[in-house]
Amino acid sequence: MKERIIILGANGQIGTELAITLRNKYGAENVITTDLNEPKNKNQNEVFYVQDILDKSSLRALFEQYKPTQVYALAAMLSATAEKYPKKAWDLNMEGLFNVLDLAVEFGVSRVFWPSSIAAFGPNSSKVNCPQYGVMDPNTIYGISKQAGERYCEYYYNKHNLDVRSIRYPGIISWKTVPGGGTTDYAVEIYFEALKSKSYASFLDENSALPMMYMPDAVRATIELMEAPKENISIRSSYNLAAMTFTPEEVAESIKKQIPDFELSYAVDDVKQRIADSWPQSIDDSFARNDWGWKPEFDLDSMTKDMLENIAKLL
Ligand code: NAD
Ligand code: SER
């Protein structure tokens, strides 16, 4: 079947790189990217529309025009920003998802991707190897919206047979597009600052171990999940997914292997620290491994090497 894909929230950290891979795979003319604002760069053969995910009537017109087979709903407010604007975060994260789920049912979209997060877990979830099923008591507005979103996705699968698929992404590390206001953003900033000034003041403390993943693995996981046969998908809420876990101290040690005089200090942000402390340190992703063959390729040192090489070319 010829795929026609719409990505909502495509100019962000994940959407930018996902769009590149999907365009290479399915052809530029078959991947329609949308966001609130124009992208910084756009090739001539790329199709882009300014589209607010909350504007259901213009979103319906877009679905009507393109009759998408796949929709990726990425527009959201991330954890740290969401704590500043809880009402706005809830409205965007929930209403945006409702619009997509409803229109996907109305237009018979074959597959929908919507990302959840490790933020769907909370202080009483298992800290180590957090299982797919267990206590989930998120205490951030972002995490609450992700947990509720997961329930809605599963509900639409059960009630409307909508083939909606989801991953609980860990913190995503990348160099092409800056992250959009998350608690794990320190682990991106640290690489840029290591090259710019050989020093970085982390906003999370030295004990903050969090699950992380390099962008090429995250994009590959997303597409592998979307391409997996329907009968292999046993989870319709959201899949746990893992690659690596590290603290600020450990990422600094990895950077020092390439930049020996790099120095790490701390300027802890209380709000972000509280968010980080509520999340698991590591994730058990055995359902993703068993159901659709997930396996990460990058570990901390190979990611560090690739990040520093690519950022050096940008500066
Ligand atoms: P981002 O903040 O970098 O990008 C989000 C994009 O959505 C931005 O380009 C923004 O302009 C757009 N947007 C905001 N409001 C919009 C609206 N009303 N209509 C249309 N577009 C709008 O986020 P990201 O890191 O690319 O994350 C994408 C998804 O993945 C989000 O759902 C996020 O919760 C999830 N996620 C990300 C991470 C991560 O570490 N990056 C981890 C877990 C989950
Ligand atoms: N990286 C994201 C954040 O920190 C996790 O969903 O908000």
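Keep in mind the model is a prediction, meaning the values are calculated, not measured. Just so you know, ligand 1 is whichever comes first in the structure, and atom 1 is the first atom listed for that ligand.
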* Asked: Looking only at protein heavy atoms, which one is nearest to atom 26 (O) of ligand 1, and how far off is it?
  -> I14 N, 2.8 Å
* Asked: Is G182 in contact with ligand 1, taking contact as a heavy-atom separation below 4.0 Å?
  -> no
* Could you tell me the residue and atom name of the protein heavy atom closest to atom 7 (O) of ligand 2, and the distance to it rounded to 0.1 Å? => S79 OG, 2.6 Å
* If we only count N/O pairs under 3.5 Å, is L92 in contact with ligand 1? -> no
* Asked: Would you say the side chain of M213 lies within less than 4.5 Å of the side chain of I173, judging by non-hydrogen atoms?
  -> no
* Asked: Between Y186 and ligand 2, which residue portion shows a heavy-atom distance shorter than 4.0 Å: side chain, backbone, both, or neither?
  -> neither
* Asked: Hey, are D35 and Y49 close enough side-chain-wise for a donor-acceptor pair under 3.5 Å?
  -> no
* **Residue pair L195 / L308, side-chain heavy-atom distance below 4.5 Å** => yes
* Structure fact -> heavy-atom search around atom 33 (C) of ligand 1 in the protein gives Y142 OH, 3.5 Å
* With a 4.0 Å cut-off on heavy atoms, does L8 reach ligand 1? -> no
* Should the proximity of A119 to ligand 2, defined as any heavy atom under 4.0 Å, be assigned to the side chain, the backbone, both, or neither? -> neither
* Asked: Under a heavy-atom criterion of less than 4.0 Å, does W114 contact ligand 1?
  -> no
* Mark up the atoms of ligand 2 that fall under 4.0 Å of a heavy atom belonging to T183, in ascending order. => 3 (C), 4 (O), 7 (O)
* Structure fact -> Here the atoms of ligand 2 under 4.0 Å from any heavy atom belonging to S117 are 5 (C), 6 (O)
* **Shortest protein heavy-atom distance from atom 16 (C) of ligand 1, along with the residue and atom involved** => L36 CG, 3.5 Å
* Asked: Any nitrogen or oxygen of I172, main chain or side chain, under 3.5 Å from a nitrogen or oxygen of ligand 1?
  -> yes
* To do: Indicate the ring-plane relationship of Y186 and F246, choosing parallel, tilted or perpendicular according to the 30° and 60° boundaries.
  => perpendicular
* Between N43 and E46: side-chain donor-acceptor atoms closer than 3.5 Å -> yes
* To do: Using a 4.0 Å heavy-atom threshold (strictly under), name the region of T177 that reaches ligand 1: side chain, backbone, both or neither.
  => neither
* Structure fact -> min-distance protein heavy atom vs atom 41 (N) of ligand 1 -> Q13 OE1, 2.8 Å
* Asked: Which is it for P170 and ligand 1 at heavy atoms under 4.0 Å: side chain, backbone, both or neither?
  -> backbone
* Structure fact -> With heavy atoms and a 4.0 Å threshold, my read on which part of A119 contacts ligand 1 is neither
* To do: Could you say whether the N/O atoms of P179 and ligand 1 ever approach to under 3.5 Å?
  => no
* Close N or O approach (W279, ligand 2; < 3.5 Å) -> no
* Heavy atom of Q51 under 4.0 Å from ligand 1? -> yes
* Asked: In the protein, what heavy atom is nearest to atom 11 (O) of ligand 1, and what distance, to one decimal place, separates them?
  -> D35 OD1, 2.6 Å
* Among all protein heavy atoms, pick out the one at the shortest distance from atom 31 (C) of ligand 1; state its residue, atom name and that distance to 0.1 Å. => L74 O, 3.2 Å
* **Heavy-atom side-chain contact between I283 and R168 under 4.5 Å** => no
* Asked: Regarding S302 and D299, is there a side-chain donor-to-acceptor distance under 3.5 Å anywhere?
  -> yes
* Going by atom types alone, do R23 and T33 pair a side-chain donor with an acceptor below 3.5 Å? -> yes
* Asked: Touching ligand 1 at all, R168? Heavy atoms, strictly under 4.0 Å?
  -> no
* Output yes when the distance from some N or O of ligand 2 to some N or O of T184 is under 3.5 Å, and no in every other case. => yes
* Taking the minimum heavy-atom distance to atom 5 (C) of ligand 1, which of A73, S174, G96, A76 ranks first? -> A76
* To do: Note the single closest protein heavy atom to atom 32 (O) of ligand 1, along with its residue, its atom name and the distance in Å.
  => K146 NZ, 3.0 Å
* Asked: Less than 3.5 Å between some nitrogen or oxygen of Y169 and one of ligand 2, yes or no?
  -> no
* Is a side-chain donor-acceptor pair under 3.5 Å present for E150 with S116? -> yes
* Just need the protein heavy atom nearest to atom 19 (N) of ligand 1, so name the residue and atom and give the distance. => I53 N, 2.9 Å
* Asked: Mind checking whether W114 and F107 sit in one hydrophobic cluster, side chains of I, L, V, M, F, W, Y counted as touching below 4.5 Å?
  -> yes
* Asked: Quick one: are the ring centres of W292 and Y239 less than 6.0 Å apart?
  -> yes
